[in-house]
Amino acid sequence: MNLSFWLNGVYRHEEVEPDTMLLDFLREKGCYSVKCGCETSNCGLCTVLMDGKPVLSCSMLALRAEGKKIVTMEGMQKEAEEFGAFLADEGAEQCGFCNPGFIMNIFAMENELEDPTEEEIKEYLAGNLCRCSGFVGQTRSILKYLEYKKTKKREEAEE
Amino acid sequence: MLKIKSYVKVNSIAEAYELNQKKSACVLGGMIWLKMGNRNVSTAIDLSGLGLDTVQELEDEYVIGCMTTLHDLEINKSLDAFTQGALRESLRHIVGVQFRNCATVGGSIFGRYGFSDVLTLFLAMDTWVDLYQAGRVPLAEFVKMKKDRDILQAVIVKKTPLKTIYLSQRNTETDFPVLTCAVSLIGEQPRTVIGARPGCAMVVEDKEDFLYGFTEMSKKEKTEAARRFSEYAAENVPVGSNMRGSGEYRRLLTEVLTRRAWETLGGIEK
Ligand SMILES: Cc1cc2nc3c(=O)[nH]c(=O)nc-3n(C[C@H](O)[C@H](O)[C@H](O)COP(=O)(O)OP(=O)(O)OC[C@H]3O[C@@H](n4cnc5c(N)ncnc54)[C@H](O)[C@@H]3O)c2cc1C
Ligand code: FES
Ligand code: FES
């Protein structure tokens, strides 16, 4: 079947089977940051943005992307590197397997919540599982990253 | 694995209903539950092009389109105020934001899942389902109906003045609940719902009128009514065991959550 949608800012026309999941389809198109971490819609590793909202690509038919804007980490390299530095500084990652879904959901959180508290951050990210760590380093890195973004925004406004 | 032979994004509910009469056809909600099963679907019926993904607020009711996602419900300011935060409380522990941006209210209610937080809270309000063939049916009746091939178009919540509290117990955050409890005053009418028993959520009838006139009671009377009714609920709500908890644990939880919920609703601070 025909599928027309935006992938990381590029409008594309593709052919897809009716039962292909968005996750498999995106990987076929070279978006290897999108990964499968479970069979039960529980881990959040497959998170991509659909029209700005975080969704589980493992649980959605590719055909549901029709007319939508899909963004994966490949489309947010600069932002991912910027946040990645905070993760590294806090020693927050171990194997790093959970990172792509986790980072995409942080970008979604930035869009949705204004100045979130630590409690709100934890609630927003509850659907991203990390099997290596206890989220302590990650939480620290998010708080520092958000503070940095706030300062940067203030400085830009003052200029 | 879910296998789909053909996929139709329908142009009307009538078309969806017609296609759905074939046993091997299947209506797609958010697909989160469907995707878990092994099934060969001849025609997957997608309702996502019908604009049924919004919450409409009318003078006397909310009309929640079946394709409204659980997260859109959770962040709906008007429903949040109407339920004093209970709707959000019932949804926010369900897996994660990404999950709730996929799962729909239609799939959650039509599925009538035993573990459902969603069903528990909606049963505690003056809720109706709007079915294409059967028309409007009270949710309390719908949960007892046999699954058929009708299409759930919308969930209707009447704006009868409401006070409500939602509580659930989970072994770990984001897991299925071990027990769910919603209590409410719909107008002056007290209602208690227990779910994840692990059977389907049910309204607990107050046959002995322990809660009759609850709003008029003094704090002491409210505390006593909450205690007596919660004991009655624990004795009368059928509970069972599964991997998340034993029947005995659920019986104790029924008592504790029911009492806490009624005390909180009655403004009794401990
Ligand atoms: C791992 C996991 C954890 C979960 N945890 C919880 C939890 O803690 N609490 C909780 O309350 N829920 C939980 N759920 C259930 C979830 O919230 C949804 O209720 C469930 O996924 C169904 O919603 P859906 O939109 O995905 O429906 P789908 O999977 O698309 O559909 C479910 C069923 O309903 C039918 N259907 C869908 N829409 C309609 C319609 N409009 N008319 C007629 N039939 C329709 C489908 O044909 C299918 O049979 C969990 C589910 C999973 C998979
Ligand atoms: S792969 Fe685990 S939630 Fe999608
Ligand atoms: S760092 Fe290994 S799963 Fe998160």
Side-chain angles (χ1 to χ4, degrees), chain A residues 1-3 16-24 34 36-68 101-102 104-109 111-113 116 119-129 135, chain B residues 1-10 25-49 53 67-72 74-75 85 88-89 91-104 107-108 115 170 172-176:
Chain A
M1 296 184 77
N2 293 327
L3 170 65
V16 66
E17 293 298 320
D19 50 7
T20 301
M21 287 295 174
L22 185 59
L23 183 147
D24 301 314
V34 192
C36 182
C38 73
E39 292 287 323
T40 53
S41 313
N42 257 312
C43 73
L45 180 52
C46 63
T47 303
V48 300
L49 304 186
M50 177 181 260
D51 287 350
K53 291 182 181 175
V55 295
L56 300 176
S57 62
C58 70
S59 303
M60 180 175 282
L61 291 181
L63 283 167
R64 280 247 164 110
E66 178 65 35
K68 309 269 190 204
F102 182 70
M104 290 314 286
N105 210 27
I106 288 168
F107 295 148
M109 181 182 73
N111 286 339
E112 193 174 329
L113 305 182
E119 214 33 56
E120 287 169 334
I121 293 171
K122 283 186 176 157
E123 186 177 323
Y124 203 92
L125 297 169
N128 290 91
L129 303 185
F135 295 101
Chain B
M1 205 175 150
L2 181 70
K3 290 199 173 138
I4 298 173
K5 216 159 148 199
S6 79
Y7 163 96
V8 183
K9 196 163 175 178
V10 292
C26 181
V27 177
L28 306 181
M31 281 196 63
I32 298 263
W33 188 259
L34 275 173
K35 174 241 164 186
M36 302 252 292
N38 276 320
R39 197 161 162 187
N40 284 315
V41 171
S42 61
T43 310
I45 304 161
D46 192 350
L47 308 174
S48 67
D53 57 350
M67 294 301 285
T68 307
T69 67
L70 298 186
H71 190 55
D72 278 348
E74 180 187 347
I75 58 177
R88 191 178 117 70
E89 179 57 26
L91 299 169
R92 72 188 184 98
H93 302 284
I94 305 176
V95 189
V97 171
Q98 311 95 308
F99 180 105
R100 301 195 297 277
N101 270 332
C102 297
T104 62
S108 300
F115 52 75
R170 285 171 150 80
T172 176
E173 184 68 31
T174 79
D175 192 13
F176 288 102

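A note on names: the letters A, B, ... follow the listed sequences, proteins ahead of strands, and every chain is numbered from 1. Just so we're clear, the structure is a prediction, and the values are computed from it rather than from any experiment.
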Per-residue contact mode, A:M21 against chain B (heavy atom under 4.5 angstrom) | side chain
Checking heavy atoms, do the side chain of B:H93, its backbone, both or neither come under 4.5 Å from chain A?
-> neither
Look only at the side chain of A:D19 and the backbone of B:I4, and say whether a donor-acceptor pair between them is shorter than 3.5 Å.
-> yes
Residue, of A:P54, A:G127, A:S59, that accumulates the most heavy atom pairs under 4.5 Å with chain B = A:P54
Taking only residues two or more places apart in sequence, or in another chain, which ones meet B:Y7 in a ring pair (Phe, Tyr, Trp, His ring centres under 6.0 Å)?
-> none
Contact leader toward chain B among A:E112, A:M104, A:E123, where contacts are heavy-atom pairs under 4.5 Å = A:E123
Quick one: are A:L61 and B:L28 in side-chain contact, heavy atoms under 4.5 Å?
-> yes
Under 4.5 Å, heavy atom to heavy atom: which of residues 95-104 of chain B reach chain A? Give them by number, or say none.
-> B:V95, B:G96, B:V97, B:Q98, B:F99, B:N101, B:C102
Residues that A:K53 engages under side chain to side chain donor-acceptor pair (under 3.5 Å), provided they are two or more places apart = B:D72
Ring pair (Phe, Tyr, Trp, His ring centres under 6.0 Å) with B:F115: which residues, sequence neighbours excluded?
-> B:W33, B:Y113, B:F176
Checking B:M31 against chain A: side chain, backbone, both or neither under 4.5 Å from a heavy atom?
-> both
Engaged part of A:N105 at the chain B interface, taking heavy atoms whose separation is under 4.5 Å = side chain
Looking at B:K35 and A:E39, what are the two nearest heavy atoms and their distance?
-> NZ-O, 3.5 Å
Quick one: what part of A:C46 sits under 4.5 Å from any heavy atom of chain B, side chain, backbone, both or neither?
-> neither
Does the side chain of A:L63 come within less than 4.5 Å of B:D46's, by heavy atoms?
-> no
